[in-house]
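Here is the structure we will look at.
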Amino acid sequence: MSVVGQSVRPIDWESKTAGTALYTADRSPEGTLVAKVLRSPHPHARITRLDVAAARRVPGVRAVITAADFPDGALYEHSGEPFSDRPPLAVDKVLYVGHEVAAVAAETEAAAQEALRRIKVRYRRLPAVFTTRAALAPRAPRLHDRASGSNVAVETQDQWGDVVAAQARSVLCVSGTYSYPRVSHACMEPNSTIAWWHDDRLEMWTSSQAPHFVVHELSQLFGLRLDQVVCRDVAVGGSFGSKSKISEHEALAAALSMQCGRPVQLVLTRAEEFAFTKPRHGFTTTLHAHVDETGRLCHVEADVEVDNGAYNHYGPSVMRAGIKHLGSMYRPDAVRWDARLVDTNLVPGGQFRGYGQPQTAVALEASMDELAEQLGRDPLQFRIDNASRPDSQALSGSKIGSNRLAECLRRVGDMIDWDERRSDDRKWRGVGVAAGMHASGSYAYPGGNVSAAGVEVRTDGRVVVRFGGADAGTGQRTILGQVAAEVLDVPFEAVDVIMADWDETPPDMGAWSSRGTHMGAHAVRKAASSMAQRLLEIAAEKFGSDEVELHAGGVEGAGNRVEIGDLVTLDPDAVDGSLRIDEEYLEERMEPYWTGIERPNISATYAFAAHAIAVEVDPETGMIRVVDYAAAHDVGRAINPGMVEGQVVGGALQGLGAALGECLVHEEGRAVNPSYLHYTLPRATTVGDVRVELVEGPEPAGPFDAKSVGECAIIAPAPALLNAVYDATGIRFRSLPLTPDVVLTAIRAAEGKQPRRHHLARRPSRWQIELFRRAYPWGIHRVLHRFGTRWARSVPDREVERLELPGTVDLAVAALGESGAVVAGGSSDLVVQQDQGLVRPRVIVSTGAITSMRKVEETGDCWRIGAAVTLSELGAWAATGAPLLREVVATIASGQIREVATVGGNLGQAKRCWFFRNGFDCYKRGGTTCPCYAVDGDHRLHHAVIGAHRCQAVAPSDLATAFDALDAVVVVAGPGGTRRVDIQGLYSGPGELDLSEQELIEAVEIPKRTLDRAQAFVKVQQWDGDFALVSVAAVADVSADGEWQSARFVFGGLAAKPWHARALGDDVRGTRPTPERVGELLEKELEWEAHPLAGNGWKVDAAIGLAAKATRKIQGGSGE
Amino acid sequence: MERSRPAAPPRHAPRRLEVDGTQVDIEAQAHRPLLDVLREAGHTAPKSACGRGECGACTVLVGDRAVMSCVVLSGTVSGPVTTAAGLGEAGRDLREAFADHTAFQCGFCTPGQVMRAEAVLRSSLDHTREELACALAGNICRCTGYRQIVDAVDAVAVSRKRQRDKR
C-alpha cells in the first residue's frame, strides 16, 4: 500500500467543506462571556490615570483587567533575554495606536462595550515616530530604555568570508535601495480564543499553529505548571506564521477567565485584525552586489533597516533570517552587513511566512537581474550559473544536501517560454524570474531539533496519530496521517489524527519555520515504525514464525493473517482496547544558534524554488496584468503532491499580493486601511493560472525524502514580478507595492513628461483651497488633529429597534417621518455604516416590498428603473440593449452583493474615503473643527483631483457615473409628491444625497434615445468589484459615416460628483475624433479643471488614458 | 451570468425563517443581520470574517441565490435559507471536487466558497474559466491562491453538464 506520494483527500475534507468543522468561535461552552479590549487611541502617551471602578459596576460585567492584575514586571518571554520587553498590558505608557490598556469580560457584548466606555483613562501625549528614519533622527523621542541609548533595539554588523579578498575580485557592482512594506496576514478566521480557568487549570480553545508557545508563555506569565495549561484541538482558519507564537488576546482572555472563573471568548473584529495584529516587518535594504570576472556573484554588502514597531517580539530573529538569505542561495565569497532593528510607534512586527527572507530577497533578486543585464547575460542563465550546489555548505553555514535550484530555474524557463518571451520586444510586455530557498525547520530555540508523536492502534483496527502541534490549514494533519498509514500499511481512511491537545498528545513545538513536515513526519514515522515492530513481534509470537509482514491493515505470515486490531489486546501494555507508543525524534543534523557555533547549520534540509511571471503593463492606466505564472519547486519528494501544489499557488498569490497592492497604510500612527475593501489582496481573478511543477528527487535527510514548501513559496513571487515589470517598462521599481499610481507616474516621468500645470494663478476660485492645502503641513493639520477633533461630533449611541417593510412609496415616505428612520435598499452599505459608527438608525425602512419600485418598465420615451431593483436584476435587464449599464454592473462589488444591493442604494451609498470609513474623526465624520486627513495623508488612490474643498472624497457610485452619461433623471418621492432631478442635482457632496429626511429615490428614468447611442464604460480598479479609482462612462451619437453628432464623457473617481467633461464633448462634436485627439482635448480641459493633491496627479493621466480607451470601444474596438 | 428576478420579500417581516429545513424564530430580530441570527441559532457553517459584505465567508443561499448573510437583514429574507451544512446530496459532487482538487486549506472560507459556487452552477453550467473566476471573485481565500477552487468548480460544471446532456 502506498499512501505517501498520493494526493489523498485532506483528512478533514468532509467537515471543512460542509462547514461543520468546529473553529473556536463555533463552540462556546455554556455560560461563555464576551471579552473586549480597550486600546490606546494615541501612538505614544503616558497614562496618567487609569480607573476601572465604574466599568466593574456595569451590570453583567464579570471581569476587568489592567496591567495591575499581572505580577510586577511580568513580560512575555518571546525571543528570551535580553530581548524580552513586552508586558501583557500597557504599563504606564502606550507605544502605539491599539496598544492594549485594559480588557473586560461581560455577559453580553453590549455590556462589555459599555464597560469599555466607563473605563477612565487620561493620557499625556508624547511625540511619536512612525518611520525608521524618524526614529533614528537625533533627539527622536524614545520608546524604550535600550542599551543603545537610541531607538535601535538590536544592531548587528558582521560578515561571513574574506570581505577584502572578495571585494578585490569585484569587476562590477550594482547598488540599490529596496523597500518592502508592512503587510498583513489577513487570515480568514479572525483571531479567536476561549479561555476557561476551572479546576486549577487553564483550558484554551484558540486559533494557534503552535500550542507550545501558548502553553509556555501562559504558564510563565501566571506562574502555573505546564500541565495546568491545555490547548484543545480546534480547527484553525489560517495563520501564515501569525499564530506561531502567543498572541496578545490569548493572554488577555486567560487573565480575564482567571479573574472570574468563567469561560471567556475574545474574538478580534476584522478591523482589529488588520490594525492590531502583528504584521510582516517592513524592511529597507540597501544592497551592493559584486561579480567577479567569471561572472559569479562574489560579494554582497547589505545595509538592512528593519521597522520593529513598538516591541521586539521576534524581530531579532526575523532580521537574522533576512540577512542569512543573502549568503545561502548563491555562492558569494563574502557577505558583509550592517543591520538594525528600529523601534517605531507602530504595532509591533510579528512572524509572517518567509520571516525576513521575502524582504531581502527583493533586493537580492533584483540585483541579480541588474548584474545580468550589465554583463549582457540572460538573467535566468546567470542565476543557474550562480546557483548553490548540492552537497555543499553555504557561506551562511547551511549544509545543503539535495539542491535542484538550477533544475527548477531550467524548468520554469521552459514552462513560461522564457526565450520566446525575452525576445518579444513588444513594449509593455515582459517576463521575469526569481529564485527562493528555505530551511525545513530551524534550531532557533532549545528544543527546536526535537519533535514527538504518538501512534495508537485500537481493537477496531483504527490507527490514531497523536501530535502536539496544530494545523492552521497547511495540511499537516493529513500528511501525518499519510505517514502513519504508509508505515503501518493501513488504508488512509483508517487513520485519525489528534493534534494540539497535550492531554491527548506528547508535547511538540508546533509548526513554524517550515518544520511541520520535516520534524512532524519524522516523529510520526518513528512512532509508527516502533508500532509496526511491536505488532510484528506480537504476530510472530502468535503465528510461531518470524516471517511476518504488515499488509492492508493486518499482519500476514506463515499462511496466516490477523487484523492489527486483533493484536492489540495480546499486548500487555494495551489499555482499554488500545495500544499506544510515543516516540521522540531528535534531528542531529541541526546546529543551534546560541551555543557559539560560528555559522551553524540550523536545518536538516533546504528547499528551493524558481518562479517566472509574464506581465503586461497598461501604459494608459499603470495597471499590471499577470498573464502567465510558472513555479518549479524542489521539495524532495512530495508526501501529498496536491497539497504541496496548494502551498505553492497560495504562496505565489500571497507573495504577489505584496508586490501588486498590499500595504498597511498609517496616518498619525493609526491604520488607514483596516478592511478587505481598502487592503488590496489578491482575488480569484488576479492571476488566471499558476502552473506548478515539482522537481522531485531524493533527500535522504527528509522523511520519505520530503523537504519543506510552505515558506519557500513566498520568497520569489515579488522579485519575479519586479523583474518582469522592468522587462516590460524599462523602469526599475525598488519599492513595493506597484499600485497603478506608482507605475503610471513612473512611466510618464520616463517619457520625460513635465509635471502638469494647472494654471492656479489664473483660477481665483481655487486660491483659498490652494492656500489651505499649503498651510496644512505648517500647523493647520496639527491644530485640527490635536485640538479640533476634541469637538468631533458622534452619532447617537442606540440600537436599531425595528425593520419596516412598507408596501407602497407613500407608506415608505410616511415611515421615514419617524425620528431616527433611514431608508435601505439591500442594506449592504447600511450595515457597514452601522459597523463603522457612521449611522445609528432607530428604524430601518426597507424598500424591498414596494412592488412598484422593483421593476423596470417602459414609460413613453424612457425606461423607468425602480430604485429597489437589485444590481443583479439591472444587469440581467441591461444584457439586452444597455451595454454601458451591463458593463458597469459587472464591475460593482461581488455577485452576492449584486443580488441584494439596489439601484437606489448604489446611488445613495456613502463615500468610501478610507479615513472617513475607518474611524478617523475627519471633517465629514467629526465636523468643521476636524481636519481632512487626505490633504497630508495617503490620498493617491481614493481622493479627488477636481473641485475638492474641505473634504477630498470622491463620489462612490459607479451607477451615478453611468446614469449621468446616459442623461438619466432621478425620480425623488417625498411628502409633497414626486420631483425629478438630474444626477448632478441629486448630490450635495461626495456620497451625500441632496434630499430631505423624508425623501427617497423612487426610480431612475433613462431616455431611450441615449440607450441607442454608442457607449462604453472603462474603470481602473485594484480588484474585481473595487470602487473606481478612475472610471469613464462615454456615450456618443455616431452617424453612419463615423461622425460624432454629440458625445458625453462622464468620469468617476475624480471629483465629489460624477465629472462631466463638457469642453471635450463640445470639441468632438461634428468630428471623427481619434483616441489620441480625445486624450489631447481632455488633457487641455483637465489642465484648467483639475486641482490635484500632491500625490494623486496620476489620476489625470489615467483619466486621459481611459478616455482614449472608451473612444476606441465606441469606435468598435476592444479599447486596448 | 446573473439569474432572473427573485421573489419579492414579504410585506411584513416573516416571523420564522426556514434554515436547512428547520425553523428559526426571527420575530424580534428582523432588523438584525442574517448571519448573526443564523449563528446564534446554532447554524455555524456560515463564518463571520469581516461583517461587511467584503469577503464572502458568510455566503448562504436564499432560494437559489447566493447572498452574503452578514449584510442582509433577516427580515428581508424572502425564501428558504441553505447553508453549506444543509446542502446535502445536492452539493456532494461540489464538496468532493473541493477535496479532490485541494481547493481548500484552512477551510474557513470554504463553506462560503461552496455556496457561491453552487449558486453560480445553478444559474448556468456554461461558463468559461475566466467567467467562473469572475463569478467567484467576491469570495476571498487567503490560503489557496484560488486556482484549485476554480479548477474544482470548473470540473463540477463539466460533469453536471454531462449528466444534464445525458438526460
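Computed from a predicted model, the values in this text were never measured in an experiment. These values consider heavy atoms only, across backbone and side chains, with no hydrogens, waters or symmetry-generated copies. Naming: A, B, ... by sequence-line order, numbering from 1 per chain.
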Contact list (residues 24-40 of chain B to chain A, heavy-atom gap under 4.5 Å, by number) returns B/A30, B/H31, B/P33, B/R39
Chain A shares the most heavy-atom pairs under 4.5 Å, among B/L136, B/T59, B/D151, with B/T59
Scanning both residues in full, the closest heavy-atom pair of A/V831 with B/C70 reads CG1-O, 3.6 Å
Per-residue tally against chain A (heavy atom, under 4.5 Å) across B/V71, B/V114, B/V72 peaks at B/V71
Given the options A/D471, A/V267, A/D689, which has more heavy-atom pairs under 4.5 Å with chain B than any of the others?
A/D689
Hey, what do you get for CZ (B/F108) to CD (A/E189), rounding to the nearest 0.5 Å?
5.0 Å
Considering only heavy atoms, which portion of A/E14 lies under 4.5 Å from any heavy atom of chain B: side chain, backbone, both, or neither?
both
Heavy atoms only, distances under 4.5 angstrom: which of A/T269, A/L830, A/V690 has the most pairs with chain B? Name it, please.
A/V690
With a 4.5 Å cut-off on side-chain heavy atoms, are B/V62 and A/E899 touching?
no
May I ask you to decide if B/G107's main-chain N or O and A/Y23's side chain share a donor-acceptor pair within less than 3.5 Å?
yes
Short N-O contact, A/E662 and B/R142, less than 4.0 angstrom:
yes
Choice from B/M115, B/E130, B/M68 maximising heavy atom contacts with chain A below 4.5 Å:
B/M68
OG1 of B/T144 to CD of A/E645: how many Å apart, nearest 0.5 Å?
12.0 Å
Between A/I850, A/I844, A/T20, A/L677, which has the largest tally of heavy atom pairs under 4.5 Å with chain B?
A/L677
Does any N or O in the side chain of A/Y676 come within less than 3.5 Å of the main-chain N or O of B/R52, such that one atom is a donor and the other an acceptor?
no
If one checks every heavy atom of A/A868 against chain B at 4.5 Å, the contacting part turns out to be neither
Only residue of A/V648, A/V649, A/V687 satisfying side chain to side chain contact (heavy atoms under 4.5 Å, CB included) with B/R147 is A/V649
What part of A/A21 is in contact with chain B, defined as an atom under 4.5 angstrom from a non-hydrogen atom: side chain, backbone, both or neither?
backbone
Just do the side chain to side chain contact (heavy atoms under 4.5 Å, CB included) check on A/Q647 and B/Q105 with the steps written out, would you?
CA-CA 9 Å; A/Q647 287 295 315; B/Q105 289 175 28; 3.2 Å; yes
Quick one: which of B/S48, B/G56, B/P111, B/C143 has the most heavy-atom pairs under 4.5 Å with chain A, could you say?
B/C143
Enter the distance from B/R65:CZ to A/S872:OG here, rounded to the nearest 0.5 Å.
7.5 Å
Go through A/V236, A/D1024, A/T478 and name the one with the most non-hydrogen pairs under 4.5 angstrom from chain B.
A/V236
I want to check something: taking the side chain as every heavy atom from C-beta on, are A/Q896 and B/N139 in contact at a cut-off of under 4.5 Å?
yes
Residues 92-103 of chain B vs chain A, non-hydrogen distance cutoff under 4.5 Å, contacting residues -> B/R92, B/R95, B/E96, B/F98, B/A99, B/D100, B/T102
Distance in Å, A/L653 CG paired with B/C141 SG, rounded so as to fall on 0.5 Å steps:
9.0 Å
For the backbone of A/S675 and the side chain of B/E54, can you confirm whether one donor and one acceptor N or O come within less than 3.5 Å of each other?
no
Winner by heavy-atom pair count (cut-off under 4.5 Å) against chain A, out of B/T110, B/I149, B/L73:
B/L73
Just wondering, more than 12 heavy atoms not from B/R129 lying within 6.0 Å of its CZ?
yes
dist B/I140:CD1 -> A/Y679:OH (nearest 0.5 Å) comes out at 11.0 Å
If you count heavy-atom pairs within less than 4.5 Å of chain B, which of A/Q836, A/R27, A/E801 leads?
A/Q836
Pick from B/G112, B/A45, B/G138, B/G91: which one has the most heavy-atom pairs with chain A under 4.5 Å?
B/A45
With a 4.5 angstrom heavy-atom cut-off, could you sort out which part of A/A472 is near chain B: side chain, backbone, both or neither?
backbone
Separation between CE of A/M188 and SG of B/C50, rounded to the nearest 0.5 Å
7.5 Å
In terms of heavy-atom pairs under 4.5 Å, which option from A/S827, A/G237, A/S894 contacts chain B the most?
A/S827
Over all heavy atoms of both residues, which pair between B/A84 and A/T17 is shortest? Give the atoms and the distance, please.
CB-O, 4.0 Å
